[in-house]
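Shown below is the structure under consideration.
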Amino acid sequence: MAKILIPTALRAFTDGKSEAEAEGKTVGEVIAAFAAAYPDIARHLYDEEGRLRSYVNVFVGDENIRGFGGLDAPVKDGETVTLVPAIAGGGAGRA
Amino acid sequence: MRILDMVGNTPLIELANMAKAFPGVTVLGKAEFANPSGSVKDRAAKAMLLDGIEKGLLTKGKTVADATSGNTGIAYAMIGAALGYRVSLYMPANTSMERKRMIRYLGAEIVETSPLESSDGAFRAVREALAREPGRYFYPDQYNNPANPGAHYETTGREIWEQTGRSVTHFAASMGTSGTFTGAARRLKEENPNVRAIAVQPDSPFHGIEGTKHMASTIRPGILDESLQDDVVYVTTEEAYETTRRLALQEGIFAGISSGANVAAALKIAGAAPAGSVIVTILCDSGARYLSDRFWDPPQTEGIFDWNI
Ligand SMILES: Cc1ncc(COP(=O)(O)O)c(C=O)c1O
């Protein structure tokens, strides 16, 4: 079980929750399980082709997964997965 | 001439190649990247700081403090350096490297806040700092300061009116603080009530159009005036990226993502506008501010996930 930290911009779709738990051996599986638990979130995370949107940055612990195998990067039990828009203006962003 | 005198009076560029599909309709972009610190925010920052000085609120020895995702911070840092004020900026940690570096090289201090909280976290943090030491800071509060839209009423809106020879029919702009949209739309409608003002909005609260705010899901800026909005055009981040790349390739205009969003909206408006329409939008900042971003490389079409670096 991994812990997902939810950005404020997505909390409208998680009943205001800032954290969730999701099952999966890789980052891709954990995010897919999270999206399945809160169906309204999927279209904000994935494009029409089912790819994670390119401006979503994913961290496992403090590491951006881009340097660590991308969505195939392994997630260990109890690790924290963080979703952050590539920019600061995202979601609750102010200019 | 001082650096502050270089703010405003930016060129209005015709996007002739991109608008070719709409004969009789003119699409124009206001080249705000030509401002001295490189963005539209020079106008608001200059107006708010000069207003603070005039009102005796910004005095020597005080530090300018505000929450920003970058461009306003760069503008404050430039003006602070020129006029001799310290500047302290509260920004989410995921603000781009280019912005943070430019701010530091202009001598301002950055306080990083949680990237998860976006600029709401920065907004809260600056208010906490102010509450702790109220006498130390001048807080322009760009979301609620009437001098912000005031700058666009006095300059951006007036310039557009004059540069189009009073022929502008539509004005479209994305919104961060909403200062640009509110001020310029107010001026243009005062000059000609038939001018249509169209707000540009990201389609999702979770988006990548830097500098813009999804109004429906975030704290409403005090300066926002919805009565000026004749219409809202929604743009996806992917459309904004694509249009930003096209601006570079088809017009030779190397602009940022919110400029792409604005032009994407302007072209949608052009598709439905009658011949003779003159559509003006804002080219908010330069693409150089996003060089570390991956979006410049078109998305891969292969593979399940798009993790091109
Ligand atoms: C890149 C960019 N585009 C657009 C805007 C929106 O401008 P305004 O705050 O006047 O609404 C900003 C504001 O910071 C910005 O940084």
Side-chain angles (χ1 to χ4, degrees), chain A residues 4-14 16-19 26-29 31-32 35 38 40-59 62 64-73 80-95, chain B residues 41 44 67-72 91-96 99 113-123 142-143 175-179 202 204-214 216-219 221 236-238 241 257-258 290 293-295 299-301 303-309:
Chain A
I4 296 205
L5 296 185
I6 304 162
T8 42
L10 290 177
R11 289 181 200 163
F13 311 104
T14 61
K17 267 193 275 191
S18 59
E19 285 183 27
T26 65
V27 176
E29 287 175 13
I31 297 172
Y38 300 98
D40 290 343
I41 252 175
R43 77 175 185 90
H44 300 283
L45 290 178
Y46 298 102
D47 66 18
E48 292 81 20
E49 279 90 51
R51 287 184 304 228
L52 198 62
R53 293 188 182 272
S54 59
Y55 52 90
V56 183
N57 279 333
V58 184
F59 295 81
D62 289 334
N64 190 323
I65 61 164
R66 233 177 290 142
F68 293 85
L71 292 170
D72 294 330
T80 298
V81 174
T82 310
L83 303 171
V84 179
I87 53 105
R94 300 160 156 279
Chain B
K41 300 304 305 205
T68 158
S69 71
N71 281 342
T72 310
M91 329 187 9
N94 56 333
T95 306
S96 71
R99 285 176 168 66
T113 59
S114 165
L116 281 176
E117 310 292 332
S118 290
S119 299
D120 272 357
F123 185 66
Q142 59 165 336
Y143 293 92
M175 300 185 292
T177 63
S178 80
S204 161
F206 196 65
H207 66 88
I209 307 172
E210 181 147 357
T212 78
K213 215 166 119 70
H214 183 259
S217 65
T218 55
I219 303 168
T236 68
T237 299
E238 287 83 358
Y241 284 171
I257 302 164
S258 66
Y290 306 84
D293 247 284
R294 289 170 299 146
F295 81 89
Q300 286 176 353
T301 46
I304 308 174
F305 298 108
D306 176 24
W307 283 109
N308 52 318
I309 297 178

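Chain letters run A, B, ... following the sequence lines, proteins first, then strands; residues in each count from 1.
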Response to the item:
Between Arg294(B) and Ser54(A) the two heavy atoms that sit nearest each other are NH2-O, 2.6 Å
Practice prompt. Working to the nearest 0.5 Å, report the span between CG of Asp120(B) and OG1 of Thr8(A).
Written response: 6.0 Å
Practice prompt. Please examine the side chains of Ile41(A) and Phe206(B), heavy atoms only from C-beta on, and report whether any two atoms are closer than 4.5 Å.
Written response: no
Fill in: Reported OG-to-CG distance for the pair Ser217(B) and Leu10(A), which is rounded to 0.5 angstrom
9.5 Å
Worksheet item: Does the side chain to side chain contact (heavy atoms under 4.5 Å, CB included) test come out yes or no for Tyr55(A) and Tyr241(B), once each step is laid out?
Response: CA-CA 10 Å; Tyr55(A) 52 90; Tyr241(B) 284 171; 3.1 Å; yes
Fill in: Side chain, backbone, both or neither of Thr82(A) within contact of chain B (heavy atoms, under 4.5 Å)
side chain
Fill in: Residue part contacting chain B, namely of Ile6(A), when any heavy atom lies under 4.5 Å
backbone
Worksheet item: In Å, rounded to the nearest 0.5 Å, how long is the span from CZ of Arg11(A) to CG of Leu116(B)?
Response: 6.5 Å
Practice prompt. Check whether any side-chain heavy atom of His207(B) sits under 4.5 Å from a side-chain heavy atom of Arg53(A), and report yes or no.
Written response: no
